[in-house]
Amino acid sequence: MLNTLLPILLFAALGLAVLGALRRVNMWRRGRPSKVDLIGGLLAMPRRYLVDLHHVVERDKYMSNTHVATAGGFVLSALLAILVHGFGLQSKILGYALLLATVIMFTGAIFVFKRRLNPPSRLSKGPWMRLPKSLLVFAASFFIATLPVAGILPANTGGWVMVGILGLGVLWGVSELFFGMTWGGPMKHAFAGALHLAWHRRAERFGGGRSTGLKPLDLEDPRAPLGVEKPVDFTWNQLLGFDACVQCGKCEAMCPAFAAGQPLNPKKLIQDMVIGLAGGTDAKFAGSPYPGKPLGEHGGHPHQPIVNGLVDAETLWSCTTCRACVEECPMMIEHVDAIVDMRRHLTLEKGATPNKGAEVLDNLIATDNPGGFAPGGRMNWAADLNLKLLADVKRTDVLFWVGDGAFDMRNQRTLRAFVKVLKASGVDFAVLGLEERDSGDVARRLGDEATFQQLAKRNIQTLAKYTFQRIVTCDPHSFHVLKNEYGALGGNYQVQHHSTYIAELIGANKLNLGQHKGGSVTYHDPCYLGRYNGEYEAPREVLRALGIEVREMERSGFRSRCCGGGGGAPITDIPGKQRIPDMRMDDIRTTEAEVVAVGCPQCTAMLEGVVEPRPLIKDLAELVADVLIEEEAQPAAAKPAKSKREPAEVH
């Protein structure tokens, strides 16, 4: 009986899975076109799954080992079950191989079941709570059904009761794991996830690459949508990516806005996009809601506007674009891209940037800086420094990109400190002076692609007039935009953050440094330097060269907590239960450090905005400038100090 029943169940489930797959593909195809390498992506998918994806999953050893056993055991069990019980290839070798595969799968499923006994709040419940049982039933049913094939039990073992029980077990297992893979349910992520890895919108992320620059809009094409209004306005492979979400909640656990009680949960945002793709409401969402937003009040369908349907606008404006969600996602989903795409529609089509957003964008258009300061005052901070203007010298080794910190009195101290470092090193450098415009970072994160492209093109035209080897800036946001986003508009440059450049100068013995005499120091990793550009070591090299042993925060390196200053968040200013910089200061206080080393003007502003008592905030350039030894003060035989270059421990 089993020899008749099992093939029917297996092929019926496979047939329904194929129908579900066609239905699911048609849902994704509602999105806008996107060019991908269909065949090449499929061929690259196994490596992307086994290497790139597991590089992220491996951070949680428990789940990594569990996933290898469960997923690997399931794939092997399913293939062998189809051969042995579907096509009737009942050899002892295949039988024993299937038994081994089901044992591996069953072992992994036990650990999945254990995790689900008391799941952390970030994990979605609901249907996900039955998944461990389904995995166990699938593995156990096929193990028992295969014992006769392996010759361990006689072929006619058991009667109708045993056949019925096994049949029900197989039906349960294949329904969840085959049928559910394409029609919906917890296993949906396996089918969508595999294709998402194959046709990822940022294929350059794989193989150790990094891709963090926002994709430009084609403002010349009148038919091209200005951002995303409805689910179908996303590209088809973005919709595919949303469908791949495993609802693990790792993005939720790292999101600074969610922790602050602002109405954003990146996991729910992705699930809301899936709801919009299929149609329905969020009433059955089994995870954490947006803070202050009860479930069941939002819904939509593919052709309905997202904002005020699936989500409220303040959810989108709560994001600091820190990329903590993207960095943590084991399925490599691009949350920030989706948020900025939806912001673009609100800003460009609706003019609906909240709070001071419209004022800042108007200032950028009128004065080339977000504060609305008179452009002629851009170099007032350097009136006594006798800096070379690139317009006068035409060529230089280093172009110092000053940024809009030039209008901020606190940041002017950082700029002056860095100038002191540059002069002490003897490098040839110059500034653009009044020719420099805002880099466009704030405009782009607020969704104003038109203003960003206008500013960027003007800067590119200015830079094209001169010759220089590299651009160096103290602002990670300008650094990121110049390095990663100007290229799409024709501006390709070698760009460095000042921490990287100072580390290079120290390594080349171009700076004569004393030792830091102040208090203990911790270092705050800026999001746009670390997660966006992968620079964690250079700032720590600089601090070590000053004789500083960094007291690392628990959340440092790629898991650094955002200061709350990115993505235009201080401008849109969505309220929550607490402030993000206050939470970051709590992280800092646990180290008992007396000084916080920073490398970003926005981080400086946000952390100095925390009420005292708190540690002193100092930029890396200030710390270096403080210990510079003037050449004329040295004995004749003195030589520049060498730095100790040891690997930093980044958590």
Side-chain angles (χ1 to χ4, degrees), residues 320 355-357 359-385 387 400-422 431-446 455 459 471-482 497-499 524 526-529 562-573 579-581 584-585 596-612 614-626:
T320 67
N355 295 323
K356 293 185 178 180
E359 177 185 339
V360 165
L361 294 175
D362 287 342
N363 287 340
L364 284 169
I365 295 169
T367 66
D368 297 317
N369 66 84
F373 299 104
R378 183 176 284 274
M379 291 302 295
N380 288 353
W381 63 277
D384 61 331
L385 295 181
L387 299 183
F400 175 26
W401 186 275
V402 175
D404 288 318
F407 297 104
D408 176 71
M409 292 185 65
R410 170 61 185 90
N411 191 61
Q412 289 170 7
R413 291 176 9 214
T414 298
L415 298 177
R416 293 177 67 88
F418 186 54
V419 167
K420 182 179 178 181
V421 172
L422 289 173
V431 296
L432 285 173
L434 300 186
E435 287 189 293
E436 184 181 313
R437 301 286 185 265
D438 181 271
S439 67
D441 166 75
V442 173
R444 190 165 230 198
R445 309 311 135 178
L446 289 176
L455 289 166
N459 281 323
I471 299 173
V472 179
T473 179
C474 300
D475 180 6
H477 297 263
S478 295
F479 161 61
H480 169 71
V481 170
L482 291 165
H497 184 250
H498 74 314
S499 65
H524 165 73
C527 302
Y528 275 72
L529 181 63
C562 178
C563 72
I571 297 166
T572 56
D573 196 23
R579 297 173 67 248
I580 295 173
R584 188 52 170 165
M585 190 57 68
V596 185
V598 294
C600 172
Q602 294 196 45
C603 294
T604 302
M606 298 304 290
L607 294 177
E608 287 195 337
V610 176
V611 296
E612 295 182 329
R614 54 161 173 74
L616 181 66
I617 316 296
K618 298 202 76 169
D619 190 89
L620 289 161
E622 295 177 282
L623 290 168
V624 173
D626 286 346

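One-based numbering along the sequence shown. None of the values given here were measured: they were computed from a predicted structure.
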Visitor: Starting at NZ of K356, measure out to CD of E359 and round the result to the nearest 0.5 Å.
Guide: 6.5 Å
Visitor: Can you confirm whether the side chains of D619 and H498 place a donor and an acceptor under 3.5 Å from each other?
Guide: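 H498 and D619 do have a side-chain donor-acceptor pair below 3.5 Å.
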Visitor: Is the shortest side-chain N to carboxylate O distance from E622 to R410 below 4.0 Å?
Guide: yes
Visitor: Quick check: closest heavy atoms across A625 and V421, and the distance to 0.1 Å?
Guide: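 The answer is N-CG2, 4.1 Å.
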Visitor: Could you walk me through whether C600 and H477 pass side chain to side chain contact (heavy atoms under 4.5 Å, CB included), step by step?
Guide: CA-CA 8 Å; C600 172; H477 297 263; 3.8 Å; yes
Visitor: Side-chain contact test, heavy atoms from C-beta onward, threshold under 4.5 Å: evaluate it for N363 versus P370 and give yes or no.
Guide: no
Visitor: Can you name the closest pair of heavy atoms from C563 and Q602 and give their distance?
Guide: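 For C563 and Q602, the tightest heavy-atom pair comes out as SG-O, 4.1 Å.
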Visitor: When rounded to the nearest 0.5 angstrom, what is the spacing between CD in E608 and SG in C603?
Guide: 11.5 Å
Visitor: Of all the heavy-atom pairs spanning G372 and T367, show the shortest one and how long it is.
Guide: CA-OG1, 3.4 Å
Visitor: Give the table of side-chain donor-acceptor pairs shorter than 3.5 Å for residues 377-384, with sequence neighbours excluded, one pair per line with atom names and distance.
Guide:
| from | atom 1 | to | atom 2 | distance (Å) |
| --- | --- | --- | --- | --- |
| R378 | NE | E436 | O | 3.2 |
| R378 | NH1 | D404 | OD1 | 3.4 |
| R378 | NH2 | D368 | O | 3.4 |
| R378 | NH2 | D404 | OD1 | 3.1 |
| W381 | NE1 | R378 | O | 3.2 |
| D384 | OD1 | R416 | NH1 | 2.9 |
| D384 | OD1 | R416 | NH2 | 3.4 |
| D384 | OD2 | R416 | NH2 | 3.0 |

Visitor: Does Y528 have its ring centroid less than 6.0 Å away from the ring centroid of F479?
Guide: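 Ring-ring flag for Y528/F479: false, centres at least 6.0 Å apart.
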Visitor: Are L607 and V598 side-chain neighbours, meaning at least one heavy-atom pair lies under 4.5 Å?
Guide: yes
Visitor: Side chain to side chain contact (heavy atoms under 4.5 Å, CB included), that's the test. Do N355 and I571 meet it? Break it down for me.
Guide: CA-CA 7 Å; N355 295 323; I571 297 166; over 6 Å; no
Visitor: Is there a side chain to side chain contact (heavy atoms under 4.5 Å, CB included) between V481 and R445? Walk through the geometry before answering.
Guide: CA-CA 11 Å; V481 170; R445 309 311 135 178; 3.5 Å; yes
Visitor: Roughly how far apart are T414 OG1 and I617 CD1, rounded to 0.5 Å?
Guide: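 Result: 11.5 Å between the selected atoms.
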Visitor: Contact between M606 and P570 at the side-chain level, heavy atoms closer than 4.5 Å - yes or no?
Guide: yes
Visitor: Quick check for you: to the nearest 0.5 Å, what is the distance between L387 atom CG and L422 atom CG?
Guide: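 L387 CG to L422 CG: 9.0 Å, rounded to 0.5 Å.
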Visitor: Could you check whether any side-chain N or O of R614 sits under 3.5 Å from a backbone N or O of M585, counting only pairs where one atom can act as donor and the other as acceptor?
Guide: no
Visitor: Measuring only between side-chain heavy atoms, which start at C-beta, is K618 closer than 4.5 Å to D626?
Guide: yes
Visitor: Verify side chain to side chain contact (heavy atoms under 4.5 Å, CB included) between L482 and W401, making sure each step is shown before the conclusion.
Guide: CA-CA 10 Å; L482 291 165; W401 186 275; 3.8 Å; yes
Visitor: Answer yes or no: is there a side-chain heavy-atom contact under 4.5 Å between L529 and S499?
Guide: yes
Visitor: Which pair of non-hydrogen atoms, one from L434 and one from G376, has the smallest distance, and what is that distance?
Guide: CD2-O, 3.8 Å
Visitor: N411 and P601: which non-hydrogen atoms are nearest, and at how many Å?
Guide: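 For N411 versus P601, the nearest heavy atoms are OD1-CB, 3.2 Å.
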Visitor: Is there a side-chain contact between C474 and F400 in this structure, where contact means two heavy atoms from C-beta onward sitting under 4.5 Å apart?
Guide: yes
Visitor: Has the side chain of H524 got a donor or acceptor atom that lies under 3.5 Å from a matching backbone atom of T604?
Guide: no
Visitor: Contact between L361 and L446 at the side-chain level, heavy atoms closer than 4.5 Å - yes or no?
Guide: yes
Visitor: Indicate the atoms forming the closest heavy-atom contact of L623 with A597, along with that distance.
Guide: CD1-CB, 3.8 Å
Visitor: Distance check, rounded to the nearest 0.5 Å: D408 atom CG versus R413 atom CZ?
Guide: 9.5 Å
